**Student:** 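There's a structure below that I have some questions on.
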2 protein chains.
Amino acid sequence: MTTIIDVAKQAGVSFKTVSRVLNGESNVRPETKDKVLQAAQALNYRVNSAARRLRSKTPHLVALFLNNPSRSYAQDVQIGAMAGCQDAGFTLVVEDPEKNGAIERLAAQDGLLGAILTPPQSDDPKIIARLNAARVPFVRIGTERSVAGSNQVGIDDRAAAVDMTNYLIGLGHRRIGFICGPQDHEASLRRYKGYCDALQAAGIAFDNDIIERGDFTYASGLTLSERLLALENRPSAIFASNDEMAAGCLAAAYRRNIRVPEKLSVTGFDDSPVARVIYPALTTLHQATRDMSQKAIALLDQKRRQDSDEEIVVKLPHELVIRDSTGPFIPN
Amino acid sequence: MTTIIDVAKQAGVSFKTVSRVLNGESNVRPETKDKVLQAAQALNYRVNSAARRLRSKTPHLVALFLNNPSRSYAQDVQIGAMAGCQDAGFTLVVEDPEKNGAIERLAAQDGLLGAILTPPQSDDPKIIARLNAARVPFVRIGTERSVAGSNQVGIDDRAAAVDMTNYLIGLGHRRIGFICGPQDHEASLRRYKGYCDALQAAGIAFDNDIIERGDFTYASGLTLSERLLALENRPSAIFASNDEMAAGCLAAAYRRNIRVPEKLSVTGFDDSPVARVIYPALTTLHQATRDMSQKAIALLDQKRRQDSDEEIVVKLPHELVIRDSTGPFIPN
DNA sequence: CTGAAAGCGCTAACAC
DNA sequence: GTGTTAGCGCTTTCAG
């Protein structure tokens with residue numbers, strides 16, 4: 001195992017200088033820095049995070065507040081957060097933000113680096129207020145509503161919905177139904193906005209009859225799709241705001257013997273595990289949920305190091321994933 | 001922050017004795033041990049894993065070999081493993097066992113505690129042989145086939161399938177279809193065995209016509225259920241060996257307009273996230289996948305400490321989860 | 001069975 | 001800009 005002492009010898013500097021370089025402290029001459037970095041590389045040096053943590057009493061606890069009805073979403077967030085913690089040698093504590101006093105109890109703990117908020121808590125003013133009162137730094141995930149002094153990581157939901165809608169339009173669909181997510185959910189509204197914007201840009205008339213309000217559950221997707229499919233002039237495509245509702249939509253299509261994608265195109269959003277498990281496999285919009293929470297932890301860490309107060313907003317890329325639930329519009 | 005020195009003072013012993021107690025070394029008088037434990041409790045002492053790892057050059061890397069088609073299963077395993085690692089201050093490396101040389105590369109690494117194998121690799125003789133050749137300790141998850149020198153963590157699949165079948169029989173069902181998992185999958189065979197055993201115990205004649213062989217995919221569940229439901233004398237209940245096939249079964253029932261659970265009871269196995277997302281919510285058998293991998297890591301750790309070679313087999317409890325996809329048998 | 005001394009790899013504080 | 005010294009909390013020798 002190589003230590004900073006080995007690196008220092010190789011580079012011909014004191015081991016303290018190596019430490020400085022490794023921690024990105026500013027007062028090191030660039031050429032010295034290069035020498036150190038090269039030596040570290042050559043010796044395949046890896047920091048010993050145990051030693052670092054032992055010495056520097058830097059916070060090592062990260063709280064993930066998680067209370068989301070979608071288990072797959074929760075799992076993705078958690079895996080990303082755990083990965084982020086391992087990267088930096090932190091310990092993750094997963095807590096239910098609704099639990100009484102959970103926030104305050106954690107804030108009182110020693111060595112709390114910060115917290116991560118997930119939807120729908122990302123947009124809950126009460127929770128944000130409690131966090132601020134307890135002076136706990138936090139990052140909000142999967143939201144775009146800005147809040148004073150808050151960092152956030154997410155995708156551009158509107159743009160993503162535009163992409164999805166344009167894809168359907170490109171397939172020849174003109175009558176595209178839309179199933180909204182819950183109204184108190186920031187991302188839902190942005191997705192709806194994207195849908196509307198894309199229609200307008202394509203010069204397609206907006207029709208309120210083929211817009212439904214769901215709540216992200218399979219059941220709501222099923223019921224509302226039944227309604228859409230019962231219409232005399234039913235849509236040739238349905239854009240559901242998440243995968244679980246899209247799954248419900250597929251079931252509704254089955255019931256009515258409407259073949260997907262021949263007679264009906266269906267799309268979801270999120271690229272959750274359901275999307276692959278269902279038949280036909282869902283065309284959906286992949287968002288890197290895992291990366292979000294991982295990134296969020298890196299953010300927390302970085303902000304502490306730089307002792308920075310500025311609000312950081314990170315936008316991650318999204319990706320349209322085309323599977324089997326969508327196809328070209330075929331007139332009857 | 002309390003240290004072992006604080007605990008030692010409180011207990012009136014030297015701090016080394018505290019260390020001994022904490023590490024479960026044998027040569028400590030029981031009463032001394034009690035005193036120390038009480039003091040630790042009173043002071044709310046928590047080991048500083050950073051300090052421990054820094055000093056004791058104990059292995060800190062755990063490899064999780066994961067290559068499972070079911071994403072939800074994989075996530076569960078991973079979350080459990082990460083939790084187990086955090087408990088003990090280990091670092092988790094997730095690897096694809098099929099990747100060329102992955103096993104050997106890891107084995108060559110410094111500080112590898114051991115590996116965790118998940119299905120279907122848990123029963124792959126080649127992989128087991130390579131692990132043995134590289135002298136990497138490992139724990140196999142979700143399997144019951146015993147292999148010389150191997151530790152395993154799982155549930156009693158046969159007993160669980162018996163419970164499920166008995167539940168259906170208790171509802172009055174006599175004609176219970178069964179959809180097998182893949183034949184090379186140890187757990188599949190045990191589940192099938194449990195189904196057969198329960199039927200026999202209840203004096204129900206076994207009927208080969210209502211047994212199908214699936215492969216754990218949604219698509220196979222759909223196709224095979226179609227076949228079962230097309231039978232003149234179709235079953236009143238179908239027991240699918242995992243949730244994804246059960247989901248396919250529900251879709252098949254929809255297609256034929258067979259109402260679930262009124263006209264057909266459907267059960268899955270695993271209690272994966274799909275089970276809740278689908279309509280009607282699946283009656284299934286919960287197995288604590290997360291706990292399994294967490295437990296597996298604790299096992300690896302324990303075995304290293306005790307320098308033990310004995311084979312350990314851990315059986316975790318399972319639980320029948322009754323939701324909405326099953327109901328009493330109603331004659332036509 | 002228990003204790004004293006040494007030191008893991010790193011960073012904080014203070015020199016120079 | 002860079003180096004020196006001390007010591008984090010724990011386990012590992014080695015003595016009793």
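Every value quoted in this text rests on a predicted model; they were computed, and no experiment measured them. Scope of the values below: all heavy atoms of this structure, side chains included, with no hydrogens, waters or symmetry mates.
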**Student:** Contacts to DNA chain D from residues 54-63 of chain A, heavy-atom cutoff under 4.0 Å, which residues?
**Tutor:**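 Hits under 4.0 Å, by residue number: A:Leu54, A:Arg55, A:Lys57.
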
**Student:** I need the CD1-P distance between A:Ile4 and C:dA12, as an integer number of Å.
**Tutor:**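 Spelled out: CD1 on A:Ile4 to P on C:dA12 is 11 Å.
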
**Student:** By side chain to side chain donor-acceptor pair (under 3.5 Å), which residues pair with B:Gln287, not counting sequence neighbours?
**Tutor:**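 B:Gln287: side chain to side chain donor-acceptor pair (under 3.5 Å) contacts with B:Asp270.
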
**Student:** Residues two or more places apart in sequence or in another chain: which of them pass side chain to side chain donor-acceptor pair (under 3.5 Å) with A:Glu104?
**Tutor:**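 If we apply the side chain to side chain donor-acceptor pair (under 3.5 Å) test to A:Glu104, skipping adjacent residues, the hits are A:Arg130.
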
**Student:** Please name all residues satisfying side chain to side chain donor-acceptor pair (under 3.5 Å) with B:His185, sequence neighbours left out, ordered by chain then number.
**Tutor:**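 For B:His185, no residue satisfies side chain to side chain donor-acceptor pair (under 3.5 Å) once neighbours in sequence are set aside.
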
**Student:** Quick one: salt bridge (charged side-chain N to carboxylate O under 4.0 Å, His left out) partners of A:Asp157, sequence neighbours excluded?
**Tutor:**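 For A:Asp157 the salt bridge (charged side-chain N to carboxylate O under 4.0 Å, His left out) partners, ignoring immediate neighbours, are A:Arg191.
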
**Student:** Do any pairs count as a salt bridge (Lys or Arg N to Asp or Glu O under 4.0 Å) and have a residue in residues 140-154 of chain A, sequence neighbours left out, and if so which ones?
**Tutor:**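 For residues 140-154 of chain A: A:Asp123-A:Arg140, A:Glu144-A:Arg190, A:Glu144-A:Lys315, A:Arg145-A:Glu186.
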
**Student:** With hydrogens left out and only the distance checked, is there a donor-acceptor pair under 3.5 Å joining B:Arg53's side chain and the base of C:dG9?
**Tutor:**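 Per atom types, no contact qualifies.
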
**Student:** Please state how far atom NZ in A:Lys16 lies from atom P in C:dC16, giving the value in whole angstrom units.
**Tutor:**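 The answer, rounded to whole Å, is 17 Å.
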
**Student:** Should A:Thr289 and A:Tyr73 count as side-chain neighbours, where that means a heavy-atom distance under 4.5 Å?
**Tutor:**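 Counting from C-beta outward, A:Thr289 and A:Tyr73 do come under 4.5 Å.
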
**Student:** Write down the distance between OH (A:Tyr45) and C1' (C:dG9), rounded to a whole number of angstrom.
**Tutor:**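 Result: 8 Å.
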
**Student:** Pick base, sugar-phosphate or nothing for A:Asn27, based on heavy-atom distances below 4.0 Å to the nucleic acid.
**Tutor:**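 Base: the residue A:Asn27, judged by heavy atoms under 4.0 Å, touches a nucleobase.
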
**Student:** Could you run through DNA chain D and flag its stems, i.e. three or more consecutive Watson-Crick or G-U pairs with both distances under 3.5 Å?
**Tutor:**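 Stem list for DNA chain D: C:1-16 with D:1-16.
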
**Student:** List the residues meeting side chain to side chain contact (heavy atoms under 4.5 Å, CB included) with B:Ser146, not counting sequence neighbours, and say none if there are none.
**Tutor:**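 Side chain to side chain contact (heavy atoms under 4.5 Å, CB included) check on B:Ser146 returns B:Gln152.
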
**Student:** Starting at the 5' end of DNA chain C and moving along, which residue's nearest nucleotide shows up first, B:Ser14 or A:Phe15?
**Tutor:**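 Nearest nucleotide further toward 5': that of B:Ser14.
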
**Student:** Should A:Thr3 be listed as having a side-chain N or O under 4.0 Å from OP1 or OP2 of C:dC8?
**Tutor:**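 It does not, given that no N or O in the side chain of A:Thr3 lies less than 4.0 Å from OP1 or OP2 of C:dC8.
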
**Student:** Mind checking side chain to side chain contact (heavy atoms under 4.5 Å, CB included) for A:Lys9 and listing every partner two or more places apart, or none if nothing turns up?
**Tutor:**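 A:Lys9 satisfies side chain to side chain contact (heavy atoms under 4.5 Å, CB included) with A:Ile5 only.
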
**Student:** First and last nucleotide of DNA chain D touching chain A, 5' to 3', heavy-atom cut-off 4.0 Å?
**Tutor:**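 Listed 5' to 3', the contact boundaries are D:dG1 to D:dG9.
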
**Student:** Identify, with sequence neighbours excluded, every residue that meets side chain to side chain donor-acceptor pair (under 3.5 Å) alongside B:Thr58.
**Tutor:**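 Side chain to side chain donor-acceptor pair (under 3.5 Å) check on B:Thr58 returns B:Arg304.
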
**Student:** Strictly by modelled atom types, are A:Glu311 and A:Asn151 linked by a side-chain donor-acceptor pair under 3.5 Å?
**Tutor:**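 Side-chain D/A pair, A:Glu311 to A:Asn151: absent.
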
**Student:** Verify the contact: side-chain N or O of B:Thr17 to OP1 or OP2 of C:dG3, cut-off strictly under 4.0 Å; return yes or no.
**Tutor:**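 Affirmative; the distance criterion is met.
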
**Student:** Rounded off to whole Å, could you give me the CZ-to-C1' distance for the A:Arg20 and C:dA12 pair?
**Tutor:**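 Going from A:Arg20 (CZ) to C:dA12 (C1'), I get 10 Å.
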
**Student:** Identify, with sequence neighbours excluded, every residue that meets side chain to side chain contact (heavy atoms under 4.5 Å, CB included) alongside B:Gln41.
**Tutor:**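 For B:Gln41, no residue satisfies side chain to side chain contact (heavy atoms under 4.5 Å, CB included) once neighbours in sequence are set aside.
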
**Student:** Could you say whether B:Val13 or A:Ser49 is positioned toward the 5' end of DNA chain C, judged by the nucleotide with the nearest heavy atom to each?
**Tutor:**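 Closer to the 5' end of DNA chain C: B:Val13.
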
**Student:** Nearest whole angstrom, please: distance from the P of C:dG9 to the NZ of A:Lys9.
**Tutor:**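 So the NZ-P distance, A:Lys9 to C:dG9, works out to 11 Å.
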
**Student:** Among C:dT2, C:dT11, C:dC14, find the nucleotide with the atom closest to the side chain of A:Asn23.
**Tutor:**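 Taking heavy atoms from C-beta onward, the closest nucleotide is C:dT11.
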
**Student:** Using distance alone, with no hydrogens and no angle criterion, decide if A:Gln121 and A:Glu98 have a side-chain donor and acceptor under 3.5 Å apart.
**Tutor:**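 Judged by distance alone, the side chains do pair up.
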
